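Notes for the one structure printed next.
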Amino acid sequence: VDESRLKFEHSPSAAVDGAHAIVVLTEWDEFKKLPYHEFYATMMKPAFIFDGRNILNHAELQKLGFEVHAIGKGRRPDGSLNMLPPASPGNTPITTPRERLQAATVVDGKHPVLGIRMNKICCIGAGYVGGPTCATIALKCPHIKVTIVDLNEERIKAWNSDNLPIYEPGLDEVVKACRGKNLFFSTDVKGAIEEADIIFASVNTPTKVKGIGAGRAADLRYIESVGRTVAQYANGNKIIIEKSTVPVKTAQALDRVLNANKGKQNFWILSNPEFLAEGTAVKDLDDPDRVLIGGPTSDEGVVATNILVDIYANWVPRERILTTNLWSSELSKLVANAMLAQRVSSINSISLLCQKTGADVAEVSRAIGADSRIGPKFLNASIGFGGSCFQKDILNLVYICESEGLPACAKYWQQVVDMNEQQKSSFSSKIISSLFNTVTNKKIAVLGFAFKKDTGDVRETPALQVCHMLMQDGAMVHVYDPKVEKEEALTEFKYHNLTVDESRLKFEHSPSAAVDGAHAIVVLTEWDEFKKLPYHEFYATMMKPAFIFDGRNILNHAELQKLGFEVHAIGKGRRPDGSLNMLPPASPGNTPITTPRERLQAATVVDGKHPVLGIRMNKICCIGAGYVGGPTCATIALKCPHIKVTIVDLNEERIKAWNSDNLPIYEPGLDEVVKACRGKNLFFSTDVKGAIEEADIIFA
């Protein structure tokens, strides 16, 4: 470092005076309250602010005259940050044109400014998203007529029958409660568009299979078709709502299609991505974490956004309805799925390490999931993620990053997909190698083919690759899944261009039929019923040695080993005898003490000394007085006044600081903790030898 170029000032104003730019690198609260209007006057012009922590009020800074640059915020053509203006509080006088538009009174079900009929909704697309979403709107908004249209006659016929085309717990009840009252299913797309001015576009957006971006970019032909169809049949102003998962800036393309083909009508495009999880979609719709609505930042665009906000507000608390600009909303859906998938791939990568080192991934997951910054969700190691969204959306994100000239970002997200493929391949290879390196003509019982429990969806299911690898190696695969038929599985194999010898793939109607005479059981879906199956009976009917490969870590591995199974689980190491390396479960409090381990644990401490281990329990030594040892052991001293805690370090200056009023590290609250205990049961010393001799519990 050339020290002539680096200067530390004693005040923000001294640092800013005469500067060309302010760069915020740490999120100190005081930086939010600095007098930036005064700073602006003293700076060179143009004056820049680069907010590396996104903590400042960017709108106010722009008003002062700063050119503001912030992390992750796009820019408008005039160079200003692309931000929605803050909403006015409810008791603020209505003064702006935007506020007058928002306050306009609906007359006879029609918005007086936008000319939108508010009492009818059309949804184009009767699939996994459109069907449940708009059925829920019909249930929650009995004053709104909802018509769901699709050109697929068989699908519409199923929606109008007692056998719905998709399975979701609770969906049947929702549809039956509304169908024929204010919920209708039809193939009359033209009539539905003419009747309704609020139109949801909920069509499929698969990954392109050929052309530019094949295998990664989203195929938007169906979204484009919606735009052209709406423009063709529109008989008035319309709000078109993207419900499908689409790449960022799709609304811009849809707007061009609509406006290139429109008459006198006006169109407003909103983004309202779904955040549903298959298997809990109805619950997610009834009580969502959030509803996200993105819209144009124009005055009329904000009014259109609020029309959709008001529909959801019939049952969703307003504070859970988030509004953003269009691009943020479109991107948020892709990023949400990418982040969730990233957690799955992250813990799966650790599961492979656990298998090599003898650690247990379930214990690692529990330990890190207890951290409130991380949380426990999506940390269950498994054979990998599946479903229609995760892989498709990540690959779309990869393609967008590459298209925008961000190769490092693209490579980062591609690794999430690569890790998922590695996990499936590793699990399949483990099955084959464990069965003496061949499964030729061996019967393998596969429990579960759906990509997750409580759904019959097989799109991108991990079972596809596992079963294909086994059949490629000669196995006879017998599958049982309570919600999946063989035809659905074969369709998915065909979609992925995977050749299947159907004589080697059989779908059974019961688990026992799948297992009878099998060499191994392979669990690929976490159906609850699989936890309760009679594995003692299965063991008797299987070839020996009998194997279980638990790809979802849902079974009781200790009990299965007792029955005689050789158990293989995701992320669990093995002992020298080949059994899984597991801690035995703790005995309940009222269970008799019978094992040597339990007798040791129950031993009574006498005179501060453990009767079995001979450890003195009332003294602790910590070697190392740094950022970890100091605060940790000071807290132990505070919380355990009956224990003497000595923190030792060979650094005399550091120990001197711990014994002073100027501690060697700054942590809010640490000063009070140390002063409360120091000299009572908390001591700092350089006498390492003495502290080790005195204490039997030693922190390193």
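All values reported here derive from a predicted model rather than from experimental measurement. We're numbering straight along the sequence, starting at 1.
- Judged as a side chain to side chain contact (heavy atoms under 4.5 Å, CB included), and not counting sequence neighbours, the contacts of E319 are P317.
- In terms of the side chain to side chain contact (heavy atoms under 4.5 Å, CB included) criterion, D289 has no residue partners (sequence neighbours excluded).
- Using a distance-only test at 3.5 Å, with no hydrogens or angles considered, a donor-acceptor pair links the side chain of N54 to the main chain of I71.
- By the neighbour-count criterion of 12 heavy atoms within 6.0 Å, atom CG of N662 is sparsely surrounded, having that number or fewer from other residues, nucleotides or ligands.
- Considering every non-hydrogen atom in both L395 and G215, the closest pair reads CD1-O, 3.3 Å.
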Would you give me the side-chain donor-acceptor pairs under 3.5 Å for residues 619-638, sequence neighbours excluded?
{"unit_1": "T632", "atom_1": "OG1", "unit_2": "V628", "atom_2": "O", "d": "2.8"}
{"unit_1": "T635", "atom_1": "OG1", "unit_2": "P631", "atom_2": "O", "d": "2.8"}

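- Considering CG of L613 and CD1 of I615, their distance stands at 6.0 Å, rounded to 0.5 Å.
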Take Q355 and H568 through the side chain to side chain contact (heavy atoms under 4.5 Å, CB included) test and state the conclusion after the steps.
CA-CA 10 Å; Q355 287 168 200; H568 296 260; over 6 Å; no
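- Smallest separation of non-hydrogen atoms from I394 and V417: CG2-CG2, 3.6 Å.
- With sequence neighbours excluded, no residue satisfies salt bridge (charged side-chain N to carboxylate O under 4.0 Å, His left out) with R366.
- D418 pairs by the salt bridge (charged side-chain N to carboxylate O under 4.0 Å, His left out) definition with nothing, not counting sequence neighbours.
- Scanning for salt bridge (charged side-chain N to carboxylate O under 4.0 Å, His left out) contacts around D550 gives an empty result, with sequence neighbours left out.
- Between P664 and W658, the shortest heavy-atom contact is CG-NE1, 3.4 Å.
- The stretch residues 391-425 participates, sequence neighbours left out, in no ring pair (Phe, Tyr, Trp, His ring centres under 6.0 Å) pair at all.
- Checked for salt-bridge contact, K32 and D29 meet the test: a charged N lies under 4.0 Å from a carboxylate O.
- Between the side chain of S271 and the backbone N or O of G294 there is no donor-acceptor pair closer than 3.5 Å.
- Using a 4.5 Å cut-off on side-chain heavy atoms (C-beta onward), V291 and I293 make contact.
- With rounding to the nearest 0.5 Å, the separation of CD in Q422 from CD in Q415 is 9.5 Å.
- Considering all non-hydrogen atoms of both residues, Q391 and N420 come closest at OE1-ND2, 4.4 Å.
- C467 pairs by the side chain to side chain contact (heavy atoms under 4.5 Å, CB included) definition with V446, F449, M471, V477, F493, L524, not counting sequence neighbours.
- Among residues two or more places apart in sequence or in another chain, the ring-ring contact (aromatic ring centres under 6.0 Å, His included) test is passed with Y535 by F538.
- At a threshold of 4.5 Å between non-hydrogen side-chain atoms, the residues I368 and I347 count as touching.
- A donor-acceptor contact closer than 3.5 angstrom links the side chains of E492 and H496.
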Show, in sequence, the C-alpha distance, side-chain angles and deciding distance for I647 and L682, and conclude whether the side chain to side chain contact (heavy atoms under 4.5 Å, CB included) test is met.
CA-CA 8 Å; I647 301 175; L682 176 63; 3.9 Å; yes
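- Residue pairs meeting the ring pair (Phe, Tyr, Trp, His ring centres under 6.0 Å) criterion with at least one partner in residues 336-384, sequence neighbours excluded, are absent.
- A side-chain donor-acceptor contact under 3.5 Å links S349 to the backbone of S346.
- Considering all non-hydrogen atoms of both residues, R343 and G375 come closest at NH2-O, 2.9 Å.
- Applying the salt bridge (Lys or Arg N to Asp or Glu O under 4.0 Å) test between E278 and each of K453, R459, K452 identifies R459 as the sole match.
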Could you walk me through whether V648 and T646 pass the side chain to side chain contact (heavy atoms under 4.5 Å, CB included) test, one step at a time?
CA-CA 6 Å; V648 293; T646 304; 3.9 Å; yes
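- Using a 3.5 Å distance cut-off with no hydrogens or angles, the side chains of S579 and D577 do pair a donor with an acceptor.
- Exactly one residue among L447, L533, D454 makes a side-chain contact (heavy atoms from CB on, under 4.5 Å) with W527. That residue is D454.
- Using a 30° and 60° split on the angle between ring planes, F427 and F549 fall in the perpendicular class, above 60°.
- A side-chain donor from one of S351 and Q423 sits under 3.5 Å from a side-chain acceptor of the other.
- Taking D284 as the reference, L276, A277, T280 meet the side chain to side chain contact (heavy atoms under 4.5 Å, CB included) condition, with sequence neighbours excluded.
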Side-chain donor-acceptor contacts of residues 330-339 below 3.5 Å, not counting sequence neighbours, with atom names and distances?
{"unit_1": "E330", "atom_1": "OE1", "unit_2": "K249", "atom_2": "N", "d": "2.6"}
{"unit_1": "E330", "atom_1": "OE1", "unit_2": "T250", "atom_2": "N", "d": "3.3"}
{"unit_1": "E330", "atom_1": "OE2", "unit_2": "A251", "atom_2": "N", "d": "2.8"}
{"unit_1": "S332", "atom_1": "OG", "unit_2": "S328", "atom_2": "O", "d": "2.6"}
{"unit_1": "K333", "atom_1": "NZ", "unit_2": "E274", "atom_2": "O", "d": "2.8"}
{"unit_1": "K333", "atom_1": "NZ", "unit_2": "E274", "atom_2": "OE2", "d": "3.3"}
{"unit_1": "N337", "atom_1": "ND2", "unit_2": "D393", "atom_2": "OD2", "d": "2.6"}

Candidate pair F451 and E460, rule side chain to side chain contact (heavy atoms under 4.5 Å, CB included), full reasoning
CA-CA 7 Å; F451 86 92; E460 303 296 341; over 6 Å; no
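- Between K424 and E421 there is a salt bridge, with a side-chain nitrogen of the basic residue lying less than 4.0 Å from a carboxylate oxygen of the acidic one.
- Atom OG of residue S345 and atom CD1 of residue I350 lie 11.5 Å apart, to the nearest 0.5 angstrom.
- Summarising the local packing, CZ of F699 is surrounded by 12 or fewer heavy atoms from other residues, nucleotides or ligands at distances under 6.0 Å.
- For the pair I655 and S685, the tightest heavy-atom approach, listed with the atom from each and the gap, is CD1-O, 3.5 Å.
- Under a 4.0 Å N-O distance rule, the pair K675/D671 qualifies as a salt bridge.
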